[in-house]
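All remarks here apply to the structure that follows.
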Amino acid sequence: MVRYRAPRGMEDILPPRSKTMRRLEEIARELLALYGYDEIILPVMEQAELYLRSIGEETDIVQKEMFILEDRAGRKLALRPEATAGVARAFVEHGMDRGGLPVKLFYVGPMFRHERPQAGRYRQFHQLGVELIGPASPEADAETILLALHILKRADIPVELRLNTVGDASCRPSYLRELLGFLRKRGEQLCGECQRRIERNPLRVLDCKEPRCREILKEAPLIHDSLCAECRAHWEELLDVLRQQGVEPLIDPLLVRGLDYYTRTVFELVSPNLGAQNAVAAGGRYDYLIEEMGGKRTPAVGFSLGMERALLLMGDRDDIREGVYVVAQSETARRQALNLAMELRKRGLRAEVDVMRRSLKAQMREADRRNFQYAVILGEEELAGGYLTLKDMAEGVQRTTSWDGLLSGNFEAME
RNA sequence: GUGGGGGUAGCUCAGUUGGCAGAGCACAGGGUUGUGGCCCCUGUGGUCGCGGGUUCGAGUCCCGUCCCUCACCCCA
């Protein structure tokens, strides 16, 4: 009987999954270096108000999904539901613009949302995210999208790019008025949830999945018809740059993201193999967030990638045969086996010895099961004769060798 | 928060009309005194999610509860 369980929605990531997760992270880190991003390591908690201000008070994340706790002084802290707000806060707090723009940052780590767990959705999950702070250009949007695509491609995860624009402060308000007018007129026919959303967050009505809502929304005014000249130009240039890079986005005029801070570009990288939670990575532009955090008006764009979701689409790689398992037959041999293993390790080789005090046969089995390339046998005969037996575990052949020969890396001359 | 499907060995799952709790895999030991994989034998391992009820008897029927899972909502 199990006495304790991991908290609901919080998963233990065991080997070999943990290895695969590390592999994904390494792939990303490698590319991030090539694109010129440096890591920022943030606290996993922030003052709760930070999220109200940045993500939006009416969003579900803030309304019902935050883990909130009080410190001893009575300050309300929230476990971070996402990291962009924290990056923006740190950027402002440390005056990071003083070293010149752009500032290119990435982060990796756990996020927390108190939701009902589901496939690809956890209460603690890991995101790897990128923030490109400073540029207002569509090329910047394109670069972050291309980077996200690049990472996923390297990880062998096929995705589709869904793209939209949500306008900015100069065109969104008038569009919202227009949309609101439409929704109020047709509100009766919408689902109950949408009727509530009309007043609280009308944009969200757009991506309702109810068939009858979708039907009505076909006639809804689209932001694309209301974009200001700047937003339109930005949008078209972005499409242009992406296409030039061989990326054909799926333009989804109804794509709206759940965070209030987005302006202009929003995107999702979705996989058809994920079930309902199909976004592996998502992001967008947030030109006012830094200012909202008390900094100078600084445009920025970024995305975050759900590691668990990516992991769902990655297989665990088979371990390749590697290293030396030192098999010892007698008690005295065990001491020497440990010595040999230590010497091999000092030379940078994977080397292990039996610590379960098991039989030679069991040690051989272990060497095989743990995918060692070689077993070195230190038995009675070897001790007496002052030599070692080296066995190639894949080929099944063995020969004698000397301690020195082994340490000098002389594995190759096997028959 | 709402709905569907599930909780039996470490894992994947059988378990007939209520009648002694099983298989495969994994793990451990062995198969003529040192040698892994294939094969064979043996073994370890279950308060059948938890609590109550019905019954001579409950994994099985009833009630409650917790958890997992999928979907809605929302999102990475």
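Every chain is numbered from 1, with letters handed out A, B, ... down the list of sequences. All of these numbers come straight from a predicted model, not from anything done at the bench.
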What contact category does [X] fall into here, base, sugar-phosphate, or nothing, at under 4.0 angstrom with non-hydrogen atoms?
| X | result |
| --- | --- |
| Tyr122(A) | base |
| Gln124(A) | nothing |
| Ala83(A) | nothing |
| Val280(A) | sugar-phosphate |
| Gly396(A) | base |
| Arg370(A) | nothing |
| Ala367(A) | nothing |

For the base of C73(B), is there a side-chain donor-acceptor partner from Arg121(A) under 3.5 Å away? yes
How many whole angstroms separate atom [atom1] of [X] from atom [atom2] of [N]?
| X | N | atom1 | atom2 | answer |
| --- | --- | --- | --- | --- |
| Glu308(A) | C75(B) | CD | P | 18 Å |
| Asp12(A) | C68(B) | CG | P | 12 Å |
| Asp319(A) | G37(B) | CG | P | 19 Å |
| Asn278(A) | C75(B) | CG | P | 12 Å |
| Leu313(A) | A76(B) | CG | P | 16 Å |
| Glu82(A) | C75(B) | CD | C1' | 12 Å |

Nucleotides 24-35 of chain B: protein proximity per nucleotide (B base, S sugar-phosphate only, - neither; heavy atom, under 4.0 Å): ---SSSSB--BB
Of Gly9(A) and Leu274(A), the one whose closest nucleotide on RNA chain B sits nearer the 5' end is Gly9(A)
Taking [M] as the reference, what is the distance to [N] when you measure between their [atom1] atoms (whole Å, please)?
| N | M | atom1 | result |
| --- | --- | --- | --- |
| C73(B) | C66(B) | C1' | 23 Å |
| U60(B) | G7(B) | P | 12 Å |
| U55(B) | G19(B) | C1' | 12 Å |
| C70(B) | G64(B) | C1' | 24 Å |
| G29(B) | U44(B) | P | 15 Å |
| A23(B) | C40(B) | P | 15 Å |
| A71(B) | A58(B) | C1' | 33 Å |
| G59(B) | G3(B) | P | 30 Å |

Complementary nucleotide for [N] - Watson-Crick or wobble, under 3.5 Å:
| N | result |
| --- | --- |
| A71(B) | U2(B) |
| G37(B) | none |
| G19(B) | C56(B) |
| G43(B) | C27(B) |

Take atom [atom1] of [X] as the centre, draw a 6.0 Å sphere, and report whether it contains more than 12 heavy atoms from other residues, nucleotides or ligands.
| X | atom1 | answer |
| --- | --- | --- |
| Asp225(A) | CG | yes |
| Arg345(A) | CZ | yes |
| Arg369(A) | CZ | yes |
| Gln47(A) | CD | no |

Looking only at side-chain N and O atoms, does Gln118(A) come under 4.0 Å of OP1 or OP2 in C72(B)? yes
Check whether NZ of the Lys or CZ of the Arg Arg370(A) lies under 6.0 Å from the centre of the six-membered ring of Tyr325(A) and within 45 degrees of that ring's axis. no
Check Glu382(A), Gln398(A), Glu381(A) against Thr389(A) for a side-chain hydrogen bond (donor to acceptor under 3.5 Å, both in side chains) and give me the one that passes. Glu382(A)
Any carboxylate oxygen within less than 4.0 angstrom of a Lys/Arg side-chain nitrogen, looking at Arg80(A) and Glu46(A)? no
Carboxylate-amine/guanidinium proximity below 4.0 Å for Asp287(A) and Arg297(A): no
Describe, in one word, how the ring planes of His114(A) and Phe67(A) are oriented to each other, choosing from parallel (under 30°), tilted (30 to 60°) and perpendicular (over 60°). tilted
Checking side-chain contact (heavy atoms from CB on, under 4.5 Å) between Met96(A) and each of Ile133(A), Leu101(A), Leu105(A), which is the one that passes? Leu105(A)
Proximity to RNA chain B (any heavy atom under 4.0 Å), residues of residues 106-116 of chain A only: Arg113(A), Glu115(A), Arg116(A)
Measure the shortest side-chain to side-chain distance between Arg23(A) and Arg317(A) over non-hydrogen atoms and say whether it is less than 4.5 angstrom. yes
